Amino acid sequence: MSSPSTSSISSAAATVGELLAGSARPAEDRGILDEGAKREIRRAALSAVCVPGYQVPFGSREMPVARGWGSGGLQVTLAVVGAADTVKVIDQGDDDGVNATNLRRLITGSVGCAETTDSREASVVQTRHRVPEQPLAADDVLVLQVPVPEPLRGVQKSVAECARMHAEADYSSIWVSLYEDLVHNGVISRSTGYPVLVDGRYVMATTPIPRWDVPRLHRSTHLSLFGAGREKRIYAVPPYTDVVPLTFDDVPFEVEGARGARCARCGSVDTFLVEHGSARFGCSDTEWCDRVRAGDADAEAHRAAAPLALLPEAARRAGRQRPPVETRPLPPPRRTGCADGTDWTLKVDRIGKVHGPGGAAAVPGTGPEHRTAVSPVTGAVVAAWDIGFDVAPGEALGLIGESGSGKSTVLRCLVGEEAATTGTVRLAAVDRGRTDVLSLTPAQRRRLRIDVLGFVHQDPAAGLTLNVTAGGNIAERLTAAGWRSYRDIRARAAALLDRVEVPLVRMDDPVATFSGGMRQRVQIAKALATDPAVLLLDEPTTGLDASVAAGVLDLLRGLLAERDAAAVVVSHDFGVIEALTDRSLVMQLGRVVEQGLTDQLFRDPHHPYTQRLVAAARR
Amino acid sequence: MYEPVLEIRSLRKTFTLHTVDGRTVVSLRGIDLDVSAGEHVALAGASGAGKSSLLRCVHRSYLPDAGTVTLHTGGGPVELTALPDRAMARLRGRELGYVAQFLTTPPRTGPLEVVAAAGRRRGLRGPEASEAAAAALRRLALDEALWDVDCGVLSGGERQRVNLAAGTVSPPRVLLLDEPVSALDPANRERALALMESLTGRGVAVLAVYHDTAVMHRLASRVVRLADGLVVAEGSPDEVLGAVA
């Protein structure tokens with residue numbers, strides 16, 4: 001690299017034109033990408049190699065091909081290829097397609113390198129749809145043109161949420177999509193873009209290639225670089241890296257194809273075949289096909305490496321999609337105690353939440369005695385202040401109060417949907433109660449919601465994915481907790497749905513087709529999926545009509561007695577609180593105004609507010 | 001004589017009615033009362049004398065203002081008025097039973113389940129609780145066809161028998177009964193009385209309110225008369241109520 005001489009820059013009389021004329025420029029620059037762009041792409045590619053499977057953003061340039069026609073792969077190729085390289089370009093496994101030919105001309109014309117159609121001669125292979133049948137050599141680079149780099153795109157629309165899921169390796173939604181695929185189709189039907197786990201960390205889309213080629217990325221000798229021009233992402237699989245297709249432990253990964261199918265031209269049975277007319281197949285990789293016909297291919301080694309053992313086999317998956325007819329009852333709960341020997345499962349100390357400026361300074365002048373939650377000093381809303389309680393296993397605590405009294409705020413602070421302004425929350429299941437849960441990272445707190453805290457929202461739509469089946473919604477929790485056996489997940493989901501009295505014939509129907517009461521039952525089953533030690537119920541029956549609410553209430557009463565969980569029940573309805581809880585806190589304008597045994601609060605309320613509530617509840 | 005199981009000292013209760021105009025209603029003005037194991041103490045007195053309030057203050061459905069209620073459990077004495085709510089809730093199941101005049105059950109639950117649940121709270125295991133519940137209901141002659149129907153559809157007398165069965169199955173140390181036989185016809189009433197009679201033989205301390213002096217004569221080992229929130233007389237049924245004519 002050369003740089004302009006310092007003397008010409010320091011010259012006071014120089015014009016821009018003179019400066020440019022004085023600077024050293026490449027003698028010949030026919031390149032499509034300037035050196036700066038190449039550097040940036042190389043940097044992104046190096047980052048991608050360092051973090052296998054991670055999508056590295058890069059400043060994708062305009063290319064003389066339409067986006068979606070290989071602009072990402074082209075940029076990567078132009079950045080890595082040098083004049084001494086030999087380039088091969090294939091499209092659908094074919095060297096002679098219009099697109100492949102044009103890209104090859106563009107690359108060789110721009111860089112001045114050699115071109116070939118023989119994979120053995122090529123040092124850089126740019127491809128769309130295929131990995132060449134001929135194994136690549138150790139220092140070769142395979143560049144894949146990627147249309148959709150995000151493996152989570154199908155299950156999560158928000159880019160920010162996808163980034164979070166990758167960051168936390170939270171891939172349960174992709175497992176749910178595999179589960180749903182199995183439920184609906186009996187097999188995992190996804191072909192191109194099969195999700196793989198790279199190096200045990202990132203889930204990666206193999207978008208352009210069929211499932212047939214996926215096993216060939218695993219511990220490959222060559223470097224694979226994936227370029228997505230439209231989406232501005234580069235990712236990589238370095239040589240000798242684990243690439244494992246996601247599948248359940250008891251559901252074998254399968255490649256496309258049928259046993260006994262053979263290429264009509266060369267007779268190969270161990271290549272990726274595409275249909276030519278009816279019931280006739282041909283090799284997708286035309287180079288390989290030609291060489292087999294010419295006797296110029298190591299067919300024996302190729303057959304040994306081909307994924308023939310992964311061809312579909314009906315016997316292995318018979319009867320997979322039917323819901324289980326019999327269910328076993330849920331196993332009894334398991335609970336851990338606290339370090340200090342006390343018996344609480346959940347302990348909340350002086351929780352406070354202020355919406356708006358001021359924090360604790362906004363609190364004076366608010367509360368029931370001032371008849372307002374709005375701070376006269378800062379104008380902030382004190383939604384909850386100085387709330388404390390603890391709950392033991394098998395105990396249910398009620399939080400009762402009118403709308404806006406702050407009871408749901410407390411629950412949301414517990415679960416992490418809102419950040420508490422002050423206070424501590426301890427769980428027996430976390431560090432045996434020594435750690436303040438509020439001090440954990442958002443990722444750790446999300447983790448808690450998977451295996452320690454079960455949450456039932458007033459609106460089932462908030463706790464369920466409506467276009468996913470009832471079983472799939474439960475599978476989301478189970479896969480998040482690490483369950484990887486399809487049969488075990490099915491059995492557990494069936495047992496849970498049976499327990500909440502959802503008919504098993506509806507197990508494989510999307511929750512969107514369920515009635516409100518049935519959805520609430522599914523939400524309860526989902527909350528119970530991992531047998532959480534703490535159950536948080538936010539107005540669990542409020543959105544339901546009376547008869548349905550009664551059924552859900554009966555169910556919850558049975559479950560609380562049976563699961564030995566510590567429960568917090570938020571409701572404005574004394575009937576719900578009375579049916580479910582032993583002890584209660586009465587909240588008004590963000591404060592606890594009275595607490596006691598639930599029946600005592602109901603029969604002998606002391607605080608004027610509680611007396612008003614009780615009087616109102618007597619109809 | 002047995003040691004007292006339940007000791008009530010200077011118990012006071014005043015209600016403040018904020019929803020009316022903040023006026024206060026005095027219910028108990030300082031009650032002292034002991035109940036021993038195997039003793040059956042009946043509370044007598046006019047309506048509003050504080051009989052039911054006393055039972056509820058012991059059960060903590062009402063929170064007393066002052067005074068103490070000490071329950072002598074296997075694990076030592078426990079002062080109930082200052083007991084934390086959670087401990088009180090647990091104690092209620094095992095040690096302290098309360099049979100109200102009217103059945104308050106969880107809605108949509110059948111008699112067998114109501115009684116079995118009470119048994120489970122007192123430490124009976126699943127099948128054991130169901131057997132004990134069935135035996136209790138049979139003893140009170142509740143028609144077996146009604147065992148699994150919603151308690152809400154039962155007659156007053158049937159409900160009262162369910163209530164009594166739930167209160168007495170695997171009986172707790174102290175049993176509080178508030179007019180437990182008020183709605184029963186003579187035959188069923190006789191069964192219920194026989195059941196309650198048998199409790200004292202099993203060492204249960206009973207504190208009860210009856211409106212019927214004949215019942216007190218039959219069951220009570222001691223009668224305590226309340227008037228205006230105070231104990232005004234105490235002694236054998238004959239002493240307090242006068243001999244049966």
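No experiment lies behind these values; they were computed from the predicted model shown. The sequence lines fix the lettering, A, B, ..., with proteins before strands; numbering per chain opens at 1.
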Participant: Against chain B, label Q611(A) side chain, backbone, both or neither, depending on which of its atoms sit under 4.5 Å from a heavy atom there.
Facilitator: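 When you check distances to chain B, atoms from both the backbone and side chain of Q611(A) fall under 4.5 Å.
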Participant: In Å, rounded to the nearest 0.5 Å, how long is the span from OG1 of T19(B) to CG of L613(A)?
Facilitator: 11.5 Å
Participant: Under a 4.5 Å heavy-atom cut-off, does chain B meet the side chain of A579(A), its backbone, both or neither?
Facilitator: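 Neither part.
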Participant: Check whether R612(A) gets within reach of chain B through its side chain, its backbone, both or neither, counting any heavy atom under 4.5 Å.
Facilitator: both
Participant: If I compare all heavy atoms of D604(A) with all of L63(B), which pair ends up nearest, and what's the gap?
Facilitator: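 Closest pair (atom of D604(A), atom of L63(B), distance): OD2-N, 2.7 Å.
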Participant: Less than 4.5 Å to any heavy atom of chain A: does that hold for the side chain of R92(B), its backbone, both, or neither?
Facilitator: side chain
Participant: Quick one: closest heavy-atom pair of Q600(A) and Y62(B), and the distance?
Facilitator: CG-C, 4.3 Å
Participant: Under 4.5 Å from any heavy atom of chain A, what part of S61(B) do you find: side chain, backbone, both or neither?
Facilitator: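 Both backbone and side chain of S61(B) come within 4.5 Å of chain A.
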Participant: Relative to chain B, which of D582(A), D599(A), L597(A) shows the most heavy atom pairs under 4.5 Å?
Facilitator: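 The answer is L597(A).
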Participant: With a 4.5 angstrom heavy-atom cut-off, could you sort out which part of H607(A) is near chain B: side chain, backbone, both or neither?
Facilitator: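 Backbone only.
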Participant: Under 4.5 Å heavy-atom distance to chain A, tell me which part of F15(B) shows up: side chain, backbone, both or neither.
Facilitator: side chain
Participant: Any idea which of L553(A), D390(A), V614(A) has the most non-hydrogen atom pairs under 4.5 angstrom with chain B?
Facilitator: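 Ranked by contacts with chain B, first place is D390(A).
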Participant: Mind checking the CG-CD spacing from D85(B) to E395(A)? Nearest 0.5 Å is all I need.
Facilitator: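 Going from the CG atom of D85(B) to the CD atom of E395(A) covers 9.0 Å.
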Participant: In terms of heavy-atom pairs under 4.5 Å, which option from R86(B), R60(B), R90(B) contacts chain A the most?
Facilitator: R86(B)
Participant: If we define contacts as heavy-atom pairs under 4.5 Å, which of M88(B), H59(B), K13(B) has the most with chain A?
Facilitator: K13(B)
